[in-house]
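Have a look at the structure below before the remarks.
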Amino acid sequence: MKMPLALVCLCLLSVTVAQAQSTDAPKDTGSSDVTVTLHADQPLGKVNPNIYGHFAEHLGRCIYEGIWVGEDSSIPNTRGIRNDVTAALREMNIPVLRWPGGCFADEYHWMDGIGPRDKRPALINTHWGGVVENNHFGTHEFLDLCEQIGAEPYVCGNVGSGSVQEMMNWVEYMTSDADSPMANLRRANGRDKPWKVPYFGVGNESWGCGGNMRPEYYADLYRRYSTFVKNYSGNRIFKIAGGANVADYNWTEVLMSRAGRLMHGLSLHHYTIPTGNWGRKGSATEFDEAIYHKTLSRTLFMDELVTKHSEIMDRHDPNKRVGMVIDEWGIWTDVEPGTNPGFLYQQNSIRDAIIAGLNFHIFHKHADRVSMANIAQTINVLQAMILTDKEKMLLTPTYHVFEMFSVHQGGTFLPLQIETPDYTVGDSSIPAVSASATRDADGEIHLSLVNTNPNQALRVTCSMNGAEAKNISGRVLTAPKFNSYNSFDAPETVKPTDFDGASLRGNQIEINLPSKAVVVLSLR
Ligand code: AHR
């Protein structure tokens, strides 16, 4: 069955693959289980690199311990920021980093986080565990982190409990080169030249922790606050309005109709809750196949969400000037047993890696509207890339997907059609295979594939229209079990390896796609 190009990547067929099998050698039936037609001759828009963005909040052990250990720490650091973490983050090529929240942003007063650290006032982090925050990681430290890892800063301002003047001053402090009060205060605090701050968020979740506002009220506040977010000294700010909670389409309608012309981006938050129940979300590592399946099925809802919010944005902004900024996404499980419930510390398994791959494929498909996405969160919180335990650090399966998929950043999206069997558990089915392709500036084609089925390896045949390749190479991320994860005792249980399961014949690729796997192929 051929699907229209608009429905590339994530299609359903009613063929059911036998669930009982558990083998990574595809059955030799002589024919393919999955067929992909890659339209290299019909390139669409660019995949914005910022789709691979991150989010680091003052929450639990994300900033403190995960990033900031202080200059006097025995953990090797550069100006207080731990070196092992920055090295790992550089490796994965983070384009943009959102900070300081999240909910924290709407109770954060930036002036408490500048100047000599021993003089900075403390505050209670009311949202996240009620812990006392010493403000040692503030504006200078965050922007230093961005410089160390090569990411562009995305700063989220305080609308919920902050003033317009405070927001205006912060932007001047960071970005102005004038002989002006805020720029001179920055100089007095040790930074002569302004930073470039290309992205600024005007509040966070203003429908909830950011002030429990109605969309009409927030739209007016957005209009007011954003007016005073100024461009100084050649810094051009992409202003991002706080967007909807999941499927609150009315929020998008009201924001776009009342304030759309004053924004460059509108955010959207969607978390994957394995059970669908916020009270008992489910464990990050102890789950059965039914929950595994349900989790993937819930994450695929992202496609519907982006489609429906895009339809509303299209009505108000047919030229797609306003970007959709999915600045919080990822899986949210119960915390690890014995840890502070307010710290949102969870493990990360191959299920998380598959979730990341599926979401990226959705974001690519909507690359004409989705201009940024920021996974929640970079370190030690929710679907993290990195977990730390004092001086120890490990890379999660999600880290590996970000690193493997970084070849897609900035590439030209190449549409594809896919015929895939379903992966079915009980009466619920999802496509077994999802795929996406881009061409980079050097002409290399990158094809990523996700096999959601934990029991069945699949034989994939991909035909390329308008491209031929002489060489193919690839990497695969898979695991012994669908809940395998990396622990501090066994940190390399899930890690990418070279993939030798793909071969080329003219413009045709034959792929033996292992079960519960993410594969990225490069074709030259
Ligand atoms: O990422 C954790 C929290 O989830 C953020 O602070 C908030 O914006 C969202 O509700």
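Read the numbers this way: they start at 1 and go in the same order the structure lists the ligands and their atoms. The analysis underlying the following values was restricted to heavy atoms, covering all of them including side chains, and did not include hydrogens, waters or symmetry mates.
If you check the side chains of N83 and T78, you find a donor sitting under 3.5 Å from an acceptor.
Every pair passing salt bridge (Lys or Arg N to Asp or Glu O under 4.0 Å) that includes a residue from residues 252-263 is listed here, sequence neighbours excluded: E253-R315. Within the structure, the disulfide bond (SG atoms under 2.5 Å apart) test picks out the following pairs touching residues 57-119 (sequence neighbours left out): C103-C209.
Contacts of ligand 1 (protein heavy-atom distance under 4.0 Å) are F55, E57, L59, G102, C103, W128, N204, E205, Y271, E328, W332, Q377, L382.
The aromatic rings of F137 and Y64 sit perpendicular to each other, their planes meeting at more than 60°, with 30° as the lower class boundary.
In this structure, R61 forms a cation-pi arrangement with Y345, its terminal cationic atom sitting closer than 6.0 Å to the ring centre and no more than 45° off the ring axis.
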Sequence neighbours excluded and cut-off under 3.5 Å, please list the side-chain donor-acceptor pairs for residues 370-377, or say none.
residue : atom : partner : partner atom : Å
N374    : ND2  : H54     : O            : 3.1
Q377    : OE1  : E57     : N            : 3.1
Q377    : NE2  : E57     : OE1          : 2.9

